[in-house]
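Residue numbering restarts at 1 for every chain, and letters A, B, ... go by the order of the sequence lines.
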Amino acid sequence: MINTQEIRKQFPIINLNINRSNLIYFDNGATTQNPQNVIDTEKEYYEKMNANVHRGAHFLSSHATEKFEESRKSVQSFINAKSVKEIVFTKGTTESINLVANGFRSILKKDDEVLITEMEHHSNIVPWQICCKYAGAKLRVVPVKENGDLDMVSLKSMLNNKTKLVALTHISNALGTINPIEDICKLSHSFGAKILIDGAQAISHIKVDVQKLNVDFYCFSSHKMYGSTGVGVLYGKEELLNDLPPYQSGGEMIKDVSFEKTTYADLPYKFEAGTPNIAGVISLKSSIDFICKIGIDNIKNHENTLLNYATLELKKIKDLQILGTSKNKSGIISFNINSLHAYDIGVLLDKMGIAIRTGHHCAQPLMKRFNIAGTARISFAVYNTKDEIEKCIAAIKKSKKMLL
Amino acid sequence: MINTQEIRKQFPIINLNINRSNLIYFDNGATTQNPQNVIDTEKEYYEKMNANVHRGAHFLSSHATEKFEESRKSVQSFINAKSVKEIVFTKGTTESINLVANGFRSILKKDDEVLITEMEHHSNIVPWQICCKYAGAKLRVVPVKENGDLDMVSLKSMLNNKTKLVALTHISNALGTINPIEDICKLSHSFGAKILIDGAQAISHIKVDVQKLNVDFYCFSSHKMYGSTGVGVLYGKEELLNDLPPYQSGGEMIKDVSFEKTTYADLPYKFEAGTPNIAGVISLKSSIDFICKIGIDNIKNHENTLLNYATLELKKIKDLQILGTSKNKSGIISFNINSLHAYDIGVLLDKMGIAIRTGHHCAQPLMKRFNIAGTARISFAVYNTKDEIEKCIAAIKKSKKMLL
Amino acid sequence: MKKSISMIQSDIISEFSMFDDWTEKYEYLIELGKSVPKIKDDEKKDENLIKGCQSRVWLFVEKKEDYIIYTADSDAIITKGIIALLIRVFSYQKAEDIANSNLHFIDKIGLKEHLSITRANGMLSMLKQMKMYAIALSKTQK
Amino acid sequence: MKKSISMIQSDIISEFSMFDDWTEKYEYLIELGKSVPKIKDDEKKDENLIKGCQSRVWLFVEKKEDYIIYTADSDAIITKGIIALLIRVFSYQKAEDIANSNLHFIDKIGLKEHLSITRANGMLSMLKQMKMYAIALSKTQK
Ligand SMILES: Cc1ncc(COP(=O)(O)O)c(C=O)c1O
Ligand SMILES: Cc1ncc(COP(=O)(O)O)c(C=O)c1O
């Protein structure tokens, strides 16, 4: 068990007064809050060691570089990658996916196929649309079942030896569904397809072991794991990253530049052009420390308890439908109340100091699949409590009454 | 005149003890230090308003979005752009240039020409090499004169109606040369060529008025203007940005996504895929406030005084050669002492608590042009003082004695 | 004669000043929203759609003699409530008056957040659109 | 007989403990650097080059009987000084001993920063290269 009260004390924003009550923050799927140790690391960076990395002979620069690379090591061990060379820092999940999709433009041939799913976030759709269009490849979409599970039968039937890449989310940000990644990896690999996982919603909620899952690429964002905005990670198997052409170019990612011929640096620097988000990367280690101190499995259990409790209570509300009822779910609940617009619910909850997300959750195709404009979404993090859920349920009931 | 002592008090790192003396930070060309108001803004963001932008109905998200867009307004007025639509947030100068170079892949035709110069940073070379290779266009390089000035005669003779783009730096990070951008814009435009300026070294040192200069694109980084790492700006004229294809794709930059057809959001969002560096962008306004409170012309004059004084003193050291002696220089001094390796000088200065940069400054072609491996570089910011220069000169003399 | 824009704004402000808490205010807004006549679905054309990330707004403008008449609808009821207020202020006013108006009541009655640049709803765009149309008309009239 | 790696390390540590300040230490390093025999320019081939962002290092390895002999050069004198120390410790040792050695003297004499991952010089790569070569050799010998 975890000590939620102790954990909550570490989050300054949780004790913030919004609209005259304490903030109840249930929009963790969008971004998580940062504990004091992460905030302090950023601050200390600027107060004590701010310097450009990888280039300088002076003390500050060496120190910043060391801290920067320590963070890479920390990410490596957090996701159990084989080598630090497999950890590329980007500005977010979206950029990580774009980096790979851009590289696949020159890897894919005409009539090759890329599989995505109906439950993807726009960030794992549009890059592949552009990539496939460019390469003359075909983008195919694995359907989602009524309960929010991926349709595994369809997936199997759609895989074939033209499939070069399968790109899907570990956990759906709109449904909460946890996809069976290990199985899908095996399946995909059996057809010779590579696999990229959008781990944005998984990384701070369940254990991610890239070697055990045997994924080829894994993408996530620091701001969804109690860390800073503007930092992401691309994990890729070393040999695959080696085969991928460079993405952005400029300082840092080169070995030698001349007007005749430019050669690129080794991994991971080949993909890290320009001055990175140094403060953000360094504080990512503090985020990982925070998570590991509590233990990812403890976080998972805690959020699971919240999920079960909230689901039970929500179901008691008449005319409330939950979208996504997979047996294998993470702490995300999407719902609608009959004809009420999610936005109206969101506005009223906000008035009561409860932050939830409403809308299409950057998953318009999924909304279309379920024939809805959007949903109201509650999503949990380690600092949330049963008490907050109770307040939220009461607030939903009050909103419903006001709106009907 | 400015009150340097007052200004210095605002920079926590300046009073840091490195190697037992106060830090003398002369590596401002690489990155500048942040004043307390910028550090506090970042901290406050995470403590009081952290939320994803542009999407939420709740208070935190609205508040963060407002602050985020205020920052865009602040950048707009700082560089005197016509509209906030012309201000795109990126992760740095390097990404800003890559964004445009990527777009030009589909704009350039075979045999079109792109002009860059011999004094460019790798970030303004490699993206154009890749872009030209891709489009079958020709990359031509304007030479630099012995004193570090751009060879304007050559530039004129190289411009022709095949020239589609001129990409050059406002201020050379290795030489300090300030290029006559307004003239070069006029020239380039008279041939129908567009012009992109790498403003990384200019933005916090001289007044930049994009309308007066009449540049088409202007790129810079927050971390070189007393701001956070991981934030950059791309300014582009509205009609040109409209014509440029989107760069990264995903959340935020779309209008509508379906598997059949995806349409993109309006400027500037079309170019801002994924969750941005929200804290960094918001604190950029504090950096601009800091600069504007002192006044950019006052900063320029102060740095100019330092430049003149340091140049005078350095010239007194026997066998010391200054690289870059243009009449129109910014506060950057590159030098070598006969056969001594710049790295050795850098290491010894560091031991005396003085941070300078040594090496090729990501400008290998320029180093080749002058037939050297690298230089030692001193670069100034508003918090530097004459007293620091005196200490530095003494330290250089001591290093020279030790090494010879 | 129809009241002036600033008079209507004052009316609204004093009406809202009577609410004791946010609940009453929003209940009133919701009621207002329900009272806005619905636009038929087949009239909700794309060219009239003002799109926000969250709620959608359809805006129609017509001119009768010297006056501009706005009609609008939204799929969210609170958005409709605010729309009702905007229409009450602007509809049946002269283009010039709308163009020159200074809209402060939204702020005064504590609904500013709904007009923020968050793109979460279409309200700000709607307001801009209403004004732009009036500005365009007031210019062509001269 | 040549001293063992750990004995040489102890020697160096005690030598350095006599310096009063950084100036003396670096003066000594610079002297050491100057004493390293230069490698002729035409022997500095690319395959022997270990490239850092700042100073370059050329490393040569040969085997004489059971012993490994390192030769190295750099364009920066302080780098050469540290190279001299590394060669003093490793050269004329057995591959196995090098492979199993625990290099702590650099840290103890306060030169750790020169071996950081900053890529600013080629030192760390050089050290890795020296060890890797020895590891490879010690394995093939068995
Ligand atoms: C002239 C110039 N251009 C581009 C850059 C690259 O900027 P960044 O690393 O912030 O992308 C730099 C900074 O090193 C620079 O000095
Ligand atoms: C499943 C999923 N994928 C991708 C993203 C995009 O992440 P980012 O905005 O950090 O690039 C998100 C976050 O909204 C997400 O939930």
Hey, could you give me the SG/CE distance between Cys362(A) and Met253(B), rounded to the nearest 0.5 Å?
-> 11.5 Å
Chain B: which of Gln36(A), Met49(A), Lys368(A), His223(A) shares the most heavy-atom pairs with it under 4.5 Å?
-> His223(A)
Apply side chain to side chain contact (heavy atoms under 4.5 Å, CB included) to the pair Thr275(A) and Thr31(B), showing each step before the final yes or no.
-> CA-CA 9 Å; Thr275(A) 303; Thr31(B) 203; 5.7 Å; no
Closest non-hydrogen contact found for Pro365(B) with Ser258(A) is CG-CA, 4.4 Å
Drop me the distance from Arg369(B)'s CZ to Phe259(A)'s CZ, to the nearest 0.5 angstrom.
-> 11.5 Å
What distance do Thr90(A) atom OG1 and Lys91(B) atom NZ have between them, rounded to the nearest 0.5 Å?
-> 6.5 Å
When every non-hydrogen atom of Ser61(B) is compared with those of Arg357(A), the smallest separation belongs to OG-NH2, 4.0 Å
Measure the CG-NZ distance between Asn52(A) and Lys224(B) for me, rounded to the nearest 0.5 Å.
-> 6.0 Å
Which portion of Gln33(A) sits near chain B, non-hydrogen atoms under 4.5 angstrom = both
OG1-CZ distance between Thr229(A) and Phe68(B), expressed to the nearest 0.5 angstrom = 9.0 Å
Max heavy-atom pairs within cutoff under 4.5 Å with chain B, candidates Lys43(A), Glu95(A), His121(A), goes to Glu95(A)
What distance do Ile39(B) atom CD1 and Glu44(A) atom CD have between them, rounded to the nearest 0.5 Å?
-> 11.0 Å
Which residue out of Gly232(B), Gly92(B), Ala355(B), Gly346(B) racks up the most heavy-atom pairs below 4.5 Å with chain A?
-> Ala355(B)
When the 4.5 angstrom heavy-atom criterion is applied to Phe11(A) and chain B, the contacting part is neither
Part of Ile278(B) within contact of chain A (heavy atom distance under 4.5 Å) = both
Toward chain B, the part of Ile116(A) with a non-hydrogen atom under 4.5 Å = side chain
For chain A, the option from Asn98(B), Val347(B), Thr94(B) that forms the most heavy-atom pairs under 4.5 Å = Asn98(B)
Flag if over 12 foreign heavy atoms under 6.0 Å of NZ, Lys67(A) = no
Region of Gln129(A) that comes under 4.5 Å of a non-hydrogen atom in chain B | side chain
Do you know which of Ser221(B), Ala342(B), Ala273(B), Gly251(B) has the most heavy-atom pairs with chain A at a distance under 4.5 angstrom?
-> Gly251(B)
Side chains of Tyr264(A) and Val126(B) in contact at under 4.5 Å (non-hydrogen atoms) = yes
Cut-off 4.5 Å, heavy atoms of chain A, and the answer for Glu42(B) is side chain
Portion of Glu118(A) that has a non-hydrogen atom of chain B nearer than 4.5 angstrom | both
Close side-chain approach of Tyr25(B) to Leu60(A), heavy-atom, < 4.5 Å | yes
What part of Ser228(A) is in contact with chain B, defined as an atom under 4.5 angstrom from a non-hydrogen atom: side chain, backbone, both or neither?
-> both
Please answer whether the main-chain N or O of Thr32(B) pairs with a side-chain N or O of Asn50(A) as donor and acceptor at a distance below 3.5 Å.
-> yes
Is chain B contacted by the side chain of Val141(A), its backbone, both, or neither, given a heavy-atom distance below 4.5 Å?
-> side chain
Identify which part of Asn277(A) has an atom lying under 4.5 Å from any heavy atom of chain B, answering side chain, backbone, both or neither.
-> both
Gln248(B) and Tyr247(A): side chain to side chain contact (heavy atoms under 4.5 Å, CB included), yes or no, with the steps?
-> CA-CA 11 Å; Gln248(B) 298 188 341; Tyr247(A) 182 49; 3.0 Å; yes
Using atom types as modelled and distance alone, determine if a side-chain donor or acceptor of Gln364(B) lies under 3.5 Å from a backbone N or O of Val257(A).
-> yes
Okay, Pro276(A) and chain B: the region with an atom under 4.5 Å from a heavy atom over there is backbone
Give the member of Gly230(A), Ser249(A), Ser222(A) that has the highest number of heavy-atom pairs under 4.5 Å with chain B.
-> Ser249(A)
In terms of heavy-atom proximity below 4.5 Å to chain B, should Ile125(A) be classed as side chain, backbone, both, or neither?
-> side chain
Against chain B, label Phe26(A) side chain, backbone, both or neither, depending on which of its atoms sit under 4.5 Å from a heavy atom there.
-> neither
